[in-house]
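Just below is one structure, and these are the notes that go with it.
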Amino acid sequence: MPLYDYRAIEGGCEYCADAFEIIEKRGAERIAACPECGVAVTRLLSGCSVGKSTALAKKHLEKAGFTTYNKAGKDNYERTSGSDGPSHIVRNE
């Protein structure tokens, strides 16, 4: 079941003045008031988890023409996939 964040529209108690979370079934009607004090609340836009993604895997990036680098030391990066670009990058401060 999804987890939703709500916050008081105006005023509110200690529970709803900042924000609180509610687990709701998909398609359930949104709550309109704080369960503690009854003040009107609004549902907030929040981040979500989409599960494990392989879209950014090195083999997918390389196939799409990207080059990736990993940190190999202080201010030093090595190419780990792709063929374009230098094999090492040294960051100058």
Side-chain angles (χ1 to χ4, degrees):
M1 283 192 277
L3 183 65
Y4 293 102
D5 296 327
Y6 285 89
R7 182 177 56 212
I9 294 173
E10 192 174 307
C13 65
E14 188 176 301
Y15 181 73
C16 67
D18 288 329
F20 62 95
E21 298 175 333
I22 296 284
I23 296 175
E24 296 176 346
K25 291 182 180 180
R26 289 197 188 276
E29 193 172 318
R30 293 181 182 191
I31 65 168
C34 171
E36 298 288 321
C37 68
V39 167
V41 295
T42 185
R43 190 159 74 183
L44 304 173
L45 183 63
S46 60
C48 64
S49 173
V50 292
K52 185 176 179 180
S53 174
T54 59
L56 295 179
K58 289 178 187 176
K59 66 180 182 179
H60 292 245
L61 291 171
E62 189 171 359
K63 188 176 179 181
F66 289 94
T67 301
T68 58
Y69 292 86
N70 280 347
K71 192 167 189 170
K74 185 176 185 215
D75 299 329
N76 186 20
Y77 298 84
E78 290 182 339
R79 184 175 62 214
T80 56
S81 68
S83 57
D84 293 336
S87 62
H88 286 81
I89 296 175
V90 177
R91 191 178 94 187
N92 296 324
E93 292 187 26

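Nothing here was measured: the structure is a model prediction, and the numbers come from that model.
To the nearest 0.5 angstrom, Thr42 atom OG1 is 7.0 Å from Arg30 atom CZ.
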**Q.** Verdict with supporting geometry, Glu78 and Asn70, side chain to side chain contact (heavy atoms under 4.5 Å, CB included)
**A.** CA-CA 6 Å; Glu78 290 182 339; Asn70 280 347; 5.8 Å; no
Q: Start with the C-alpha distance between Tyr6 and Glu24, add both sets of side-chain angles, then the distance that settles side chain to side chain contact (heavy atoms under 4.5 Å, CB included), and finish with yes or no.
A: CA-CA 12 Å; Tyr6 285 89; Glu24 296 176 346; 2.8 Å; yes
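In terms of heavy-atom proximity, Thr67 sits nearest to Ser83 at OG1-N, 4.2 Å. Looking at every heavy atom in both residues, Leu44 comes nearest to Ala19 through CD1-CB, 4.1 Å. Heavy atoms only, all atoms of each residue included: Ala33 and Gly38 are closest at CB-O, 3.5 Å. Closest non-hydrogen pair, Ser81 versus Glu62, comes out as CB-OE1, 3.6 Å. Scanning both residues, Tyr15 and Ile22, for their nearest heavy atoms gives OH-CD1, 4.2 Å. Contact record, Val41 with Ile31: CG2-O, 3.9 Å, taken as the closest heavy-atom pair.
Remark: Arg43 is positioned above the aromatic ring of Tyr4, its terminal NZ or CZ atom under 6.0 angstrom from the ring centre and at most 45 degrees off the axis.
Between Asn76 and His88, the closest side-chain pair of non-hydrogen atoms falls below 4.5 Å. When side chains are defined from C-beta on, Thr80 does not count as touching Tyr69, because their heavy atoms never get closer than 4.5 Å.
Taking a 6.0 Å sphere around CZ of Arg7, one finds it holds 12 or fewer heavy atoms contributed by other residues, nucleotides or ligands.
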